[in-house]
Engineer: 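Structure provided below as structure tokens; questions to follow.
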Amino acid sequence: MFFFSSGFEERSTHLFNQFEPDPQKSVVLGFNDDRDTLSRRKNDQTFESRGFAISVFERHTGYLEFIAKVLSSTSQRIGTERPMKIFVDYSTMTRAWYSHLLTWAKYAAMHPHIELLMFYSCGKYERDFEALQISELSVVPGYEGHSAGARRTHALLGLGFDKYATLSVCDQLEPDSITCFIAKEQPDDTSASHVISENREVIDISNSDPVPLPLTNVSAAFRIMHEYASLYGGDDAI
């Protein structure tokens with residue numbers, strides 16, 4: 001089963017154009033908003049011109065039942081004799097969408113052998129973009145965690161080009177301490193230097209240098225983040 005998403009960035013169709021997936025075994029998730037933003041209409045046309053229907057949802061509602069139904073019917077169709085492989089291009093998906101795929105595979109699937117292949121196309125911003133407006137914070141379903149009884153809180157923040165979004169999150173979470181992460185492929189990475197410059201206020205609040213993560217090495221990035229989460233975790237903190 002193949003899962004794609006049609007967003008407003010050009011990379012929405014980058015991986016899709018590299019091979020010939022079967023429309024009968026594929027799902028393309030679409031956003032209910034941003035229909036006229038950047039490359040959104042072009043991306044929709046790219047999928048539709050090859051016979052792929054786009055299932056449109058709000059960013060945080062409506063997708064749960066749809067994804068579960070598609071995966072369950074696929075599992076029943078292939079039977080339990082063969083492994084079930086789920087190909088996910090999460091380059092422009094919301095975290096809620098691809099997180100639900102992982103949650104289904106771990107808790108809801110009845111299939112004995114499931115393999116998820118997660119793919120991500122890295123993008124490059126060629127010009128400045130408008131600052132994000134953060135109206136509220138929401139928890140990704142299935143990853144709520146808990147804070148009951150915690151005497152202190154620690155935030156792990158991934159820094160990007162929009163410093164105001166990160167500052168807004170900090171103001172709303174009010175963590176006791178912070179660890180900042182940045183994507184950095186090489187020592188002279190100009191994008192990483194720009195991120196550090198943009199987020200100097202948050203970095204100063206954290207009172208430590210940001211931790212570099214390899215942009216294209218997911219396993220290494222996960223290991224590093226896990227180490228820091230373990231360092232600050234415990235019975236008296238979250």
Engineer: Check whether more than 12 heavy atoms from other residues, nucleotides or ligands sit under 6.0 Å from atom CZ of F222, and answer yes or no.
Structural biologist: no

Engineer: Classify the angle between the aromatic ring planes of Y120 and Y90 as parallel (below 30°), tilted (30 to 60°) or perpendicular (above 60°).
Structural biologist: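 Ring orientation, 0 to 90° scale: tilted.
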
Engineer: Decide whether T92 and S5 meet the rule of one side-chain donor and one side-chain acceptor closer than 3.5 Å.
Structural biologist: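 On atom types as modelled, these side chains qualify, holding a pair under 3.5 Å.
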
Engineer: Could E65 and K69 be called an ion pair, given the rule that one side-chain N must be under 4.0 Å from one carboxylate O?
Structural biologist: no

Engineer: Any side-chain to backbone donor/acceptor pair from S39 onto K42? Under 3.5 Å, distance only.
Structural biologist: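 No, because the side chain of S39 does not come within donor-acceptor range (under 3.5 Å) of the backbone of K42.
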
Engineer: Would M93 and F3 satisfy side-chain contact (heavy atoms from CB on, under 4.5 Å), going step by step from the backbone distance to the final call?
Structural biologist: CA-CA 10 Å; M93 283 189 184; F3 281 86; 3.9 Å; yes

Engineer: Side chain of S168, backbone of Y164: donor and acceptor closer than 3.5 Å?
Structural biologist: no

Engineer: Any idea which heavy atoms bring Y63 and A96 closest together, and the distance?
Structural biologist: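 Taking every non-hydrogen atom into account, OH-CB, 3.3 Å.
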
Engineer: Any side-chain heavy atom of F4 within less than 4.5 Å of one from P21?
Structural biologist: yes

Engineer: Is there a donor-acceptor pair closer than 3.5 Å between any side-chain N or O of Q18 and the backbone N or O of H14?
Structural biologist: yes

Engineer: Does any non-hydrogen side-chain atom of L213 lie less than 4.5 Å from one of I182?
Structural biologist: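 I182 does not reach L213 side chain to side chain.
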
Engineer: Is R40 paired with E9 through a side-chain N to carboxylate O contact shorter than 4.0 Å?
Structural biologist: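 Salt bridge between E9 and R40, a charged N being under 4.0 Å from a carboxylate O: no.
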
Engineer: Could you check F31 against V56 for side-chain contact (heavy atoms from CB on, under 4.5 Å), going step by step and ending with a plain yes or no?
Structural biologist: CA-CA 5 Å; F31 299 88; V56 178; 6.0 Å; no

Engineer: Just by distance, do the side chain of S49 and the backbone of T46 share a donor-acceptor pair under 3.5 Å?
Structural biologist: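 Side chain of S49 to backbone of T46, a donor-acceptor pair under 3.5 Å: yes, one is there.
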
Engineer: Do any N or O atoms from the side chain of S73 and from the backbone of V70 form a donor-acceptor pair under 3.5 angstrom?
Structural biologist: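 Checking the backbone N and O of V70 against the side chain of S73, a donor-acceptor pair under 3.5 Å is found.
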
Engineer: Side-chain heavy atoms nearer than 4.5 Å, only ILVMFWY residues, links allowed to pass through others: does that put L29 and L15 together?
Structural biologist: no

Engineer: Kindly indicate, with the supporting measurements, whether the criterion side-chain contact (heavy atoms from CB on, under 4.5 Å) is fulfilled by L167 and V202.
Structural biologist: CA-CA 7 Å; L167 285 170; V202 174; 3.3 Å; yes

Engineer: If every non-hydrogen atom of S191 is compared with every non-hydrogen atom of F161, which pair is closest and at what distance?
Structural biologist: O-CE2, 3.8 Å

Engineer: For a quick test of your reading: what N or O donor-acceptor pairs under 3.5 Å do the side chains of residues 80-89 make, sequence neighbours left out?
Structural biologist:
unit_1: D89; atom_1: OD1; unit_2: S91; atom_2: N; d: 3.2
unit_1: D89; atom_1: OD1; unit_2: S91; atom_2: OG; d: 2.6

Engineer: Give every residue pair that meets the side-chain hydrogen bond (donor to acceptor under 3.5 Å, both in side chains) criterion with at least one member in residues 204-213, sequence neighbours excluded.
Structural biologist: none

Engineer: Kindly say whether S193 contributes a backbone atom to a donor-acceptor pair with the side chain of S197 at under 3.5 angstrom?
Structural biologist: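 Looks like no, no N/O pair under 3.5 Å.
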
Engineer: Do R50 and N17 pass the side-chain contact (heavy atoms from CB on, under 4.5 Å) test, and can you show the C-alpha distance, the side-chain angles, and the key distance before you say yes or no?
Structural biologist: CA-CA 10 Å; R50 290 168 56 181; N17 287 327; 3.5 Å; yes

Engineer: Are S99 and T94 side-chain neighbours, meaning at least one heavy-atom pair lies under 4.5 Å?
Structural biologist: no

Engineer: Look at the rings of F57 and F66 and say which category their plane angle falls in: under 30° parallel, 30 to 60° tilted, over 60° perpendicular.
Structural biologist: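 Tilted.
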
Engineer: Compute whether any side-chain donor of one residue and acceptor of the other, for S6 and N43, lie under 3.5 angstrom apart.
Structural biologist: no

Engineer: For a quick check under 3.5 Å, do Q76 and S72 share a side-chain donor-acceptor pair by atom type?
Structural biologist: no

Engineer: Would you please indicate if the ring centroids of F2 and F16 are separated by under 6.0 Å?
Structural biologist: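 Not under 6.0 Å, so no.
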
Engineer: Is there a donor-acceptor pair under 3.5 Å between the side chain of H100 and the backbone N or O of L64?
Structural biologist: yes

Engineer: Just by modelled atom types, is the S121 backbone N or O under 3.5 Å from a matching donor or acceptor in the R11 side chain?
Structural biologist: yes

Engineer: Please list all pairs passing the side-chain hydrogen bond (donor to acceptor under 3.5 Å, both in side chains) test where one or both residues lie in residues 177-189, with sequence neighbours left out.
Structural biologist: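 side-chain hydrogen bond (donor to acceptor under 3.5 Å, both in side chains) check on residues 177-189 returns R152-S177, H154-S177, H154-T179, E185-T216.
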
Engineer: Given side chains that start at C-beta, do those of V28 and D44 come closer than 4.5 Å, heavy atoms only?
Structural biologist: no

Engineer: For T37, does its backbone N or O pair with a side-chain atom of D34 as donor and acceptor, under 3.5 Å?
Structural biologist: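 Side chain of D34 to backbone of T37, a donor-acceptor pair under 3.5 Å: no, none is there.
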
Engineer: From K163 NZ over to I203 CD1, what is the distance, rounded to the nearest 0.5 angstrom?
Structural biologist: 11.5 Å

